[in-house]
Undergrad: 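Before anything else, here's the structure in question.
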Amino acid sequence: MGGGPSAENVRQRAEPRPMRCRTADQVPTCFREVTCPYPKEQTAYTAFGATNYSIVGPETGEVVVCFHGLNGSRMLFQEVDKYMARMGGFRVICFDLYAHGLSNAPPVDLCPAGCGPSCCSCSGPKGRYDLDFFVDQTDELLWSLGLENEPLNLVGFSLGGTIAVAFAKRFPRRVRRLVAMSPSGFIPTVPPLYYLLCACFYCLVPLAPHVLCTYWYKQERFTKPLISPKNGGEGMDPQAAKQLWTRFVWQLFVKRGVARATLAICRRVNWFNLSELFEETGRHDRPVLLIWGERDGLNPVMTIGQKVKSFFSNATLLTIPRAGHIVLVDRPAEVVPRIVSFLKMPPDTRMDTTMIPPPQPVQDPPMPSPTQPQPKGDVEAGLIGKDTFREDQMPVPVVLGHSEDISERSRERL
């Protein structure tokens with residue numbers, strides 16, 4: 001367990017620390033018109049400040065907790081949660097991890113031993129940004145919602161999938177079912193920049209917000225290379241490129257602590273060999289659904305996917321054709337109904353003798369008339385797989401060796 005206090009104690013004494021942001025006069029002049037790209041939902045005050053979360057579905061439904069990936073947000077599940085509530089009767093919780101979306105980014109704890117919340121600064125307690133740090137956040141959020149004794153179903157993507165596995169390891173009796181979409185922790189090659197990060201970590205973290213150059217984040221300079229066609233393929237949609245620019249600028253120049261926190265996550269989460277964690281969690285006989293994109297360039301399914309499956313005693317591996325790393329966005333109509341079908345299975349299901357039925361074919365909805373409003377939030381219509389949404393969930397590409405092109409979605413359309 002992490003070095004922090006128990007979730008029950010946190011619930012009793014958590015101070016209402018809001019998300020840290022710069023004041024208007026502290027934001028560079030060229031970025032003062034940039035607005036927040038994330039919709040605000042509800043706020044819980046956990047040990048390290050505000051946690052932005054949403055909860056949908058009947059109060060009597062089984063609880064499903066959803067975890068997004070590195071550099072993403074709860075928006076990954078913004079329509080998936082409604083679908084799971086409507087089609088499965090689940091009570092679905094989605095939240096922003098610390099330093100993501102609208103959750104607070106506490107200062108980075110640079111103590112080698114890790115002092116946890118007891119190590120404070122004028123900006124509040126300092127965080128480690130390792131797996132235990134995010135497991136603590138999840139546990140504290142559930143306590144704040146009065147769900148500490150409810151059986152849970154966990155659904156996670158990439159880093160979120162690994163946090164779900166770590167949560168299941170710490171609280172094995174609380175987790176009924178587990179869905180992990182290309183969980184992190186098995187990147188096959190350590191990139192050279194990662195060694196540089198490790199060597200200079202204690203220097204880079206304090207300097208991070210001071211070396212960000214506004215010149216490189218001017219809108220035209222940032223978006224032009226993304227919009228331009230590459231290698232004979234399509235460039236990114238201009239609106240998607242602008243949205244990506246807005247998100248980067250807001251996180252780096254308006255919200256406080258994101259640059260330092262991202263470096264800490266890249267350094268303190270084991271991205272390359274989490275065999276021990278997965279093997280220990282996998283001894284439990286709960287049903288596990290692993291979902292992989294056939295074209296996942298970060299965690300190839302034929303090697304990493306099969307390796308991860310071997311750690312679990314009761315798991316099945318589902319490979320989605322023509323999907324990359326962000327499989328939930330690339331093929332939502334194929335992935336989401338299967339997740340719901342899996343979550344509705346009995347908790348003692350043996351996955352080696354069970355087949356998850358494929359989703360029914362879905363036809364595109366008719367084009368609306370000029371006076372008819374465009375439908376929103378319909379998973380079956382495939383509306384959550386747009387490029388603008390995919391770019392919202394891109395992992396940090398360079399430090400961890402991510403090479404999946406952000407315009408790949410345009411080459412994967414049906």
Undergrad: Can you find a pair of side-chain heavy atoms, one from Cys266 and one from Leu197, that are under 4.5 Å apart?
TA: yes
Undergrad: Where is the tightest heavy-atom contact between Ala44 and Ser144, given as atom of each residue plus distance?
TA: CB-OG, 3.7 Å
Undergrad: Test side chain to side chain contact (heavy atoms under 4.5 Å, CB included) on Leu274 and Val165; report intermediate values, then the result.
TA: CA-CA 10 Å; Leu274 281 176; Val165 171; over 6 Å; no
Undergrad: Identify, with sequence neighbours excluded, every residue that meets side chain to side chain donor-acceptor pair (under 3.5 Å) alongside Arg256.
TA: Gln26
Undergrad: On the 0 to 90° scale, with breaks at 30° and 60°, tag the Phe67-Phe95 ring pair as parallel, tilted or perpendicular.
TA: perpendicular
Undergrad: Does the side chain of Leu318 reach to within under 4.5 Å of the side chain of Leu289, using non-hydrogen atoms?
TA: yes
Undergrad: Over all heavy atoms of both residues, which pair between Ala259 and Ala208 is shortest? Give the atoms and the distance, please.
TA: CB-CB, 4.1 Å
Undergrad: Okay, side chain of Ser310, backbone of Lys307: is any donor-acceptor separation there less than 3.5 Å?
TA: yes
Undergrad: Go through it in stages, so that I can follow the logic: the residues are Phe222 and Leu244, the test is side chain to side chain contact (heavy atoms under 4.5 Å, CB included), and I'd like the CA-CA distance, side-chain angles, deciding distance and then a yes or no.
TA: CA-CA 9 Å; Phe222 185 94; Leu244 183 63; 4.2 Å; yes
Undergrad: With a 4.5 Å limit on heavy-atom distance, are the side chains of Phe134 and Phe167 in contact?
TA: no
Undergrad: I'd like to know if Asp136 pairs up with Arg170 as an ion pair, taking the criterion as any Lys NZ or Arg NE/NH1/NH2 lying under 4.0 Å from an Asp or Glu carboxylate oxygen.
TA: yes
Undergrad: Could you tell me whether the side chain of Arg22 and the main chain of Lys255 form a donor-acceptor pair under 3.5 Å?
TA: yes
Undergrad: Consider only side-chain N and O atoms of Ser158 and Ser182, and report whether a donor and an acceptor are under 3.5 Å apart.
TA: no
Undergrad: Do the side chain of Glu140 and the main chain of Phe48 share a donor and acceptor less than 3.5 angstrom apart?
TA: no
Undergrad: Would you call Leu154 and Val179 a side-chain contact if the rule is heavy atoms closer than 4.5 Å?
TA: no
Undergrad: Check step by step if salt bridge (Lys or Arg N to Asp or Glu O under 4.0 Å) holds for Asp139 and Arg174.
TA: CA-CA 11 Å; Asp139 188 31; Arg174 294 170 63 180; 2.9 Å; yes
Undergrad: Answer yes or no: does atom CD of Glu276 have more than 12 heavy-atom neighbours from other residues, nucleotides or ligands under 6.0 Å?
TA: no
Undergrad: Might you work through the side chain to side chain contact (heavy atoms under 4.5 Å, CB included) test for Phe201 and Arg268, ending with a clear yes or no?
TA: CA-CA 10 Å; Phe201 178 71; Arg268 286 178 170 158; 3.8 Å; yes
Undergrad: Does a side-chain heavy-atom distance below 4.5 Å link Asp330 with Ile320?
TA: no
Undergrad: Under a 4.5 Å cut-off applied to non-hydrogen side-chain atoms, are Val65 and Asn153 in contact?
TA: no
Undergrad: Tell me the closest heavy-atom pair linking Pro206 and Pro209, and the distance in Å.
TA: O-CD, 3.8 Å
Undergrad: Would you check if the distance from the ring center of Tyr98 to the ring center of Tyr129 is below 6.0 Å?
TA: no
Undergrad: Is Ser54 close to Met75 at the side-chain level, that is, under 4.5 Å between some pair of heavy atoms?
TA: no
Undergrad: Check whether any side-chain heavy atom of Pro183 sits under 4.5 Å from a side-chain heavy atom of Trp292, and report yes or no.
TA: yes
Undergrad: Check whether Asn314 reaches the backbone of Val288 with its side chain - one donor and one acceptor, N or O, closer than 3.5 Å.
TA: no
Undergrad: With rounding to the nearest 0.5 Å, note down the distance linking CD1 in Ile265 to CG in Leu70.
TA: 6.0 Å
Undergrad: Mind checking what makes ring-ring contact (aromatic ring centres under 6.0 Å, His included) contact with Phe253, not counting sequence neighbours?
TA: Phe31, Tyr217
Undergrad: Charged N to carboxylate O under 4.0 angstrom, Glu62 versus Arg177?
TA: yes
Undergrad: For Trp271 and Val269, indicate whether the former's side chain and the latter's backbone hold a donor-acceptor pair under 3.5 Å.
TA: yes
Undergrad: Examine distances only and state if a side-chain atom of Arg17 and a backbone atom of Tyr45 form a donor-acceptor pair shorter than 3.5 Å.
TA: no
Undergrad: Look at the aromatic rings of Phe311 and Phe278 and report parallel, tilted or perpendicular, splitting at 30° and 60°.
TA: tilted
Undergrad: So, for Phe77 and Phe157, is the gap between ring centers shorter than 6.0 Å?
TA: no
Undergrad: Quick one: pull up OH in Tyr83 and CD1 in Ile339 and give me the separation to the nearest 0.5 Å.
TA: 10.5 Å
Undergrad: Any donor and acceptor pair, going by atom type alone, linking the side chain of Arg295 with main-chain N or O of Pro321 inside 3.5 Å?
TA: no
Undergrad: Take Lys344 and Phe90 through the test side chain to side chain contact (heavy atoms under 4.5 Å, CB included) and record every step on the way to the result.
TA: CA-CA 9 Å; Lys344 292 169 72 173; Phe90 297 106; 3.8 Å; yes
Undergrad: Quick one: CD1 on Ile291 to CE on Met181, what's the gap to the nearest 0.5 Å?
TA: 6.0 Å
Undergrad: Rounded to the nearest 0.5 Å, what separates atom CG in Leu277 from atom OG1 in Thr162?
TA: 7.5 Å
Undergrad: Rounded to the nearest 0.5 Å, how far apart are CG of Leu97 and CG of Leu141?
TA: 10.5 Å
Undergrad: Looking at CH2 of Trp245 and OG1 of Thr223, how far apart are the two atoms once the value is rounded to the nearest 0.5 Å?
TA: 8.5 Å
Undergrad: Closest approach of Ile356 and Ser341, non-hydrogen atoms and distance?
TA: CG2-CB, 4.2 Å
Undergrad: Which pair of non-hydrogen atoms, one from Ala241 and one from Ile227, has the smallest distance, and what is that distance?
TA: CB-CG1, 3.9 Å
Undergrad: With a 3.5 Å cut-off and no angle check, do the side chains of Asp285 and Ser313 form a donor-acceptor pair?
TA: no
Undergrad: Might you point out which heavy atoms bring Arg128 and Phe133 nearest each other, and give the distance in Å?
TA: N-CD1, 3.8 Å
Undergrad: Could you tell me whether Arg286 and Asp348 have a side-chain N and a carboxylate O separated by less than 4.0 Å?
TA: no
Undergrad: Is the shortest distance from a Lys or Arg side-chain nitrogen in Glu294 or Arg322 to a carboxylate oxygen in the other one below 4.0 Å?
TA: no
Undergrad: Going by atom types only, do Gln137 and Thr51 share a side-chain donor-acceptor pair under 3.5 Å?
TA: yes
Undergrad: For the side chain of Ser103 and the backbone of Asn52, is there at least one donor-acceptor N/O pair under 3.5 Å apart?
TA: yes
Undergrad: Is it the case that the side chain of Lys82 and the backbone of Gln78 share a donor-acceptor pair, with hydrogens and angles ignored and the cut-off at 3.5 Å?
TA: yes
Undergrad: Is it true that a side-chain atom of Thr354 and a backbone atom of Met351 form a donor plus acceptor pair closer than 3.5 Å?
TA: no
